[in-house]
S.K.: 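My questions will all concern the structure given below.
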Amino acid sequence: MLSASHPKTDFRPLTRAALPRDTIEQARFLLGRLVVHHTPDGMLSGRIVETEAYPPGDAAMHAYRGVTPRNRSLFLRHGHAYVYICYGTSLMLNVSSEAAGIGAGVLIRALEPLTGIPQMMQARATTKLRDLARGPGRLAMAMRIDKRLDGVDLCTGGALHLAEDDALPPRIDISMRIGLTKDAHRLLRFSVAGSRFVSGKQIRHGEGSALEPPGPGAPDPLT
DNA sequence: AGTGCGATTGACT
DNA sequence: GTCAATCGCACTA
């Protein structure tokens, strides 16, 4: 019989045609979709519940000052992985989000674990389900994502890929991106309303709406 | 070749 | 709530 907690074993990979070629659209689109990683230890997967958009021209975006060895994956056609190390210890998973040659990406910040939960608990050295992939560094550790996956195509059914999900669309909360020192005021963080697997402090219910997305030039409420 | 700084996390008061 | 570990990389000289 079916239930909400019934573990899925068969996913429909996300095609590039279905993935928006626009950073902010993609950040919203990915909420509720899945990250799937086939490893020698089994299939690890989780539902995306939190993203951040780093669009072209954003001073906080890693490709802001052009191509470097680290950020080159951001310039790949939308749907490729950009994996980098932050603060010397934490790996971050991004999805490139614009046409080839345009640097931009969506940071995947948190997952609701679906399959491979015991393996995730082992990798994260905790049994707390809520903390397995709540935060970008934790997410990468739980999903066994490493720098070798930098630059891989997430839309061609490789070991690491994105997938569709049936439970769509979620209600979306909107807030400021976390941890930035540049362009921190922009409302480019998106999360599934009510999810317990979202990182950071919970924002007040009703502050964001899927019906009223803030454009890149949305008025800044803090200045 | 040297320097400064993070898209974080976990430990601690 | 506060705070420091940690190191790859971009930038300067």
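Chain letters run A, B, ... following the sequence lines, proteins first and then strands; every chain starts at 1.
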S.K.: Is the positively charged end of A/Arg177 above the ring of A/Tyr54, judged by distance under 6.0 angstrom from the centroid and angle within 45° of the axis?
M.R.: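 Yes, a cation-pi geometry holds between A/Arg177 and A/Tyr54.
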
S.K.: Taking only residues at least two apart or on different chains, which pairs with a member in residues 62-74 of chain A satisfy salt bridge (charged side-chain N to carboxylate O under 4.0 Å, His left out)?
M.R.: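 Found none.
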
S.K.: Extract all donor-acceptor atom pairs below 3.5 Å that involve side chains of residues 143-152 of chain A and protein atoms in other chains or at least two apart in sequence.
M.R.:
from, atom 1, to, atom 2, distance (Å)
A/Arg144, NH1, A/Asp41, OD2, 3.3
A/Arg144, NH2, A/Gln119, O, 3.2
A/Asp146, OD1, A/Arg148, N, 2.8
A/Asp146, OD1, A/Arg148, NE, 3.0
A/Asp146, OD2, A/Arg148, NE, 3.3
A/Asp146, OD2, A/Arg148, NH2, 2.7
A/Asp150, OD1, A/Ser73, OG, 2.9
A/Asp150, OD1, A/Val83, N, 3.0
A/Asp150, OD2, A/Ser73, OG, 3.4

S.K.: Quick check for you: name the first and last nucleotides of DNA chain B, 5' to 3', having an atom under 4.0 Å from a heavy atom of chain A.
M.R.: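 Listing 5' to 3', DNA chain B meets chain A from B/dG6 to B/dG10.
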
S.K.: Assess the residue pair A/Asp153 and A/Arg16 against the criterion (salt bridge (Lys or Arg N to Asp or Glu O under 4.0 Å)); give the C-alpha distance rounded to whole Å, side-chain angles, the decisive distance to 0.1 Å, and a yes or no.
M.R.: CA-CA 10 Å; A/Asp153 191 341; A/Arg16 198 181 316 281; 2.4 Å; yes

S.K.: Salt-bridge test for A/Arg12 and A/Asp166: reply yes if a basic N is under 4.0 Å from a carboxylate O, no otherwise.
M.R.: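 A salt bridge links A/Arg12 with A/Asp166.
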
S.K.: Search all heavy atoms of A/Leu107 against all heavy atoms of A/Pro136 and return the closest pair with its distance.
M.R.: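 Heavy atoms only, the tightest pair is CD1-CB, 4.2 Å.
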
S.K.: Using a 4.0 Å cut-off on protein heavy atoms (strictly under), produce a 5'-to-3' string for nucleotides 7-13 of chain C with B for base contact, S for backbone-only sugar-phosphate contact, and - for none.
M.R.: B-SSS--

S.K.: Determine, step by step, whether A/Arg134 and A/Ser199 satisfy the side-chain hydrogen bond (donor to acceptor under 3.5 Å, both in side chains) criterion, reporting the C-alpha distance in whole Å, the side-chain angles of both residues, the deciding distance to 0.1 Å, and the verdict.
M.R.: CA-CA 5 Å; A/Arg134 187 168 60 89; A/Ser199 77; over 6 Å; no

S.K.: How would you list all residue pairs meeting ring-ring contact (aromatic ring centres under 6.0 Å, His included) that involve residues 132-168 of chain A, not counting sequence neighbours?
M.R.: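 Those involving residues 132-168 of chain A are A/His38-A/His161.
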
S.K.: Using the side-chain contact (heavy atoms from CB on, under 4.5 Å) rule, pick out the option among A/Arg47, A/Glu112, A/Glu50 that qualifies with A/Phe197.
M.R.: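 Single pass found, and it is A/Glu112.
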
S.K.: Need one value for A/Arg124: base, sugar-phosphate or nothing, where a base atom within 4.0 Å counts as base even if backbone is also close, heavy atoms only.
M.R.: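 The answer is sugar-phosphate, as A/Arg124 gets under 4.0 Å only of primed atoms, P, OP1 or OP2.
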
S.K.: Step by step, would you call A/Arg186 with A/Asp58 a salt bridge (Lys or Arg N to Asp or Glu O under 4.0 Å)?
M.R.: CA-CA 9 Å; A/Arg186 300 185 70 185; A/Asp58 188 295; 2.9 Å; yes

S.K.: Report the residue (A/Thr181 or A/Arg134) whose heavy-atom-nearest nucleotide on DNA chain B is the more 5′ of the two.
M.R.: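 Here A/Thr181 is the residue nearer the 5' end.
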
S.K.: Tell me the stems DNA chain C sits in, counting at least three consecutive Watson-Crick or G-U wobble pairs, each under 3.5 Å on both distances.
M.R.: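 Correct response: B:1-6 with C:7-12, B:8-12 with C:1-5.
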
